[in-house]
2 protein chains.
Amino acid sequence: MQKKYTIYDIAKLSGFSPKTVARVVNNEGNVAKDTEEKIKSVIDRLGYTPNTYAKNLKIKKDKTILLSIRTTNGFPLQWMQMIIEQVGIICLEKGITVLVEYFYDEENLEKSMISKSVNYLDGVILFYEEENDVRISALRARNIPFVVFERAYDNSVRYVSNNNYQVLYSVFDSLCQKGLSGVELLLRSDTLVNRDRVNGVVDAFKSHGLDVSNVKITYGIGNAESAYSHILKEHEQGDMKEVFFISGDERAIGVYKAFEELGIKIGEDVSVIGFDDIPLSSYISPGLSTIRPAYYDLAKNLVLMLIPEDGNDEDHIVVPASFIKRDSLQKKFM
Amino acid sequence: MQKKYTIYDIAKLSGFSPKTVARVVNNEGNVAKDTEEKIKSVIDRLGYTPNTYAKNLKIKKDKTILLSIRTTNGFPLQWMQMIIEQVGIICLEKGITVLVEYFYDEENLEKSMISKSVNYLDGVILFYEEENDVRISALRARNIPFVVFERAYDNSVRYVSNNNYQVLYSVFDSLCQKGLSGVELLLRSDTLVNRDRVNGVVDAFKSHGLDVSNVKITYGIGNAESAYSHILKEHEQGDMKEVFFISGDERAIGVYKAFEELGIKIGEDVSVIGFDDIPLSSYISPGLSTIRPAYYDLAKNLVLMLIPEDGNDEDHIVVPASFIKRDSLQKKFM
DNA sequence: TTGAAAGCGATACCAC
DNA sequence: GTGGTATCGCTTTCAA
């Protein structure tokens, strides 16, 4: 471990004052070309970099945001990784430091950055908000700005979300027009996000004068396995709709496996529609029709909510997603 | 925005000195029970938390590591997310702060934490090291400890890796014993990791006295799409092996799709083996046989290399992976 | 068990 | 263009 140099070391060795060194380091201008070169050469020689802590002590300059990810839902899902990557790229560009934290139980809150670092954090992005989320009360108590991904339970909480209602409405409006008889929605649980999606579908049916009983809603489909066994059971009971919407492309794999075993052809006998458009969706066979969130826009808005640039002051931002048609859709819907 | 309280505010309001407040905040002991209670109540009332920058200025206390992820390889892959999550959980437990950074081109190095924050970082975990990686020279120049995931090009660089050679050797040793005639290895490119894997397979064949020409090596299979089209082309040319090892479960989807179109039955006519054991692998049909890295152990060792606990001083740690047999394996190999 | 005072490494303000 | 100096909030002696 070698000695860490300070601005005073550079000042002494270059023969100028600490303030002038600071001017060079921070590109403040008002420095003679000659002076600048001399100072720079000393800096390079010693490999000096400013001490982050000292720099931010007097006046906080660096921006830092935290991604707080609840992990109780089991395996990390790919859509989240896609947003995280976009957030990372945007923040690198803007010089914002990104922290991540996998929050997995309430007792860990005190170990969390949320509890420890008030002055440190400029904002927090919360994934998987729950009702009465302990993270939110902690953030409020500490006055740390935060934003939730997907519509929040607490309406006073700011969020960025997909246009769940609208995109589902528009997809099913179009399918109804093309003769859709009925659909089953396979969902994890009765969350706000899913309520929006359900309402979109239901309203589309209504707008076509179709009976709402043609929309079958099934909760408890939290992973590919439960999707698989649900379809098998349903087939046995002989109560199947024509189209299956499954909230999460990863889980669609379970639906595919079930239909394959049953000898039912996806894209011919039935249609399957997912949500997320993860990379694998175009490579399973038949290609999975799905709803593609605008990952970059979602990420950008999440960051801007915490570190606003000019006049961003909306509390709720809804980002349009798009429908990607692939072969899992019956011909008549294409 | 409310006023941020300092240790002096707490001292004044509680009637004790800043030092005594510090003793309470940091659980240093040697404080009268009564004093402690009074001070704590003031702290709670005002929601005081220490200023991270001031705390670390005099003597650096907080531990911070950076995950540096190169993104030129396209979509984020799930295995990486699985390691990141484990790293996050381990660090939360240990009170280590985790930064992530998506590094996507050389020019961004100067914006990177690697360049900016010497005093700030206790260590860096590098994903997707390349030959003459600019990140490594920067880290060296700045004397920041780092570790690479998977065997490094530069042998003086510390790394944590899967036991690529050994696990492939052992898998193919067993398959050869059960009558394997030939295998094709579908790989992205000629990296060290893949060389280890290739050598494991080749040595297994040799140890059974089999001709090495039975091991066909194909590079350029970087995603599901290229796997798909490669298999189709190969079938046309009539040059197919019996077993396919594809480096990355996500890409196996392309192989599945191709065989399905060709009417070739995986698990009967051919076998497919992946690497990573991501969640979807058990739900595609037939279930994908694959090699499962010990994600938790990998993560733990990566963290310990940077923040050693007691007597960790190895430079290269190789973590055993395990073979998961599923239905994509022909019966004779089970 | 408690407290006073020096110092960490930058920045900002004001001189020159 | 350049430099002195107080200051940020906490920790660390060292005394009491």
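Both backbone and side-chain heavy atoms feed into the values below; hydrogens, waters and symmetry mates do not. Order of the sequence lines fixes the chain letters, A, B, ..., with proteins taken first and strands second; residue numbering starts at 1 for each chain.
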- Item | A/Lys116 bridged to B/Asp62 by N-O distance under 4.0 Å | no

- Rounded to whole Å, the NZ-P distance (A/Lys60 to C/dG9) equals 20 Å

- Between B/Lys38 and B/Asp34, is there a side-chain N and carboxylate O pair less than 4.0 Å apart? yes

- Query: When you check the gap from the basic side-chain N to the acidic O, do B/Lys33 and B/Glu37 get nearer than 4.0 Å?
  - Reply: no

- Answer yes or no: is there an ion pair linking B/Lys94 with B/Glu309, defined by an N-O contact shorter than 4.0 Å? yes

- Item | Carboxylate-amine/guanidinium contact B/Glu28 B/Lys19, below 4.0 Å | yes

- Kindly say if B/Ser17 contacts the phosphate of C/dA4, meaning a side-chain N or O under 4.0 Å from OP1 or OP2. no

- Task: Write down the atom of B/Met305, the atom of B/Arg158, and the distance for their closest heavy-atom approach.
- Result: O-NH2, 3.0 Å

- Item | Separation of C/dA15 P from A/Asn30 CG (nearest whole Å) | 18 Å

- A/Thr35 side-chain N/O to D/dG1 phosphate OP1/OP2 under 4.0 Å: no

- What string of B, S and - do you get for nucleotides 6-14 of chain D, 5' to 3', when a contact is any protein heavy atom under 4.0 Å? -BBBBBB--

- Between atom CG in A/Asn56 and atom C1' in C/dT11, what is the gap in whole Å? 11 Å

- Nearest-Å distance, CZ (A/Phe16) to C1' (C/dA10)? 20 Å

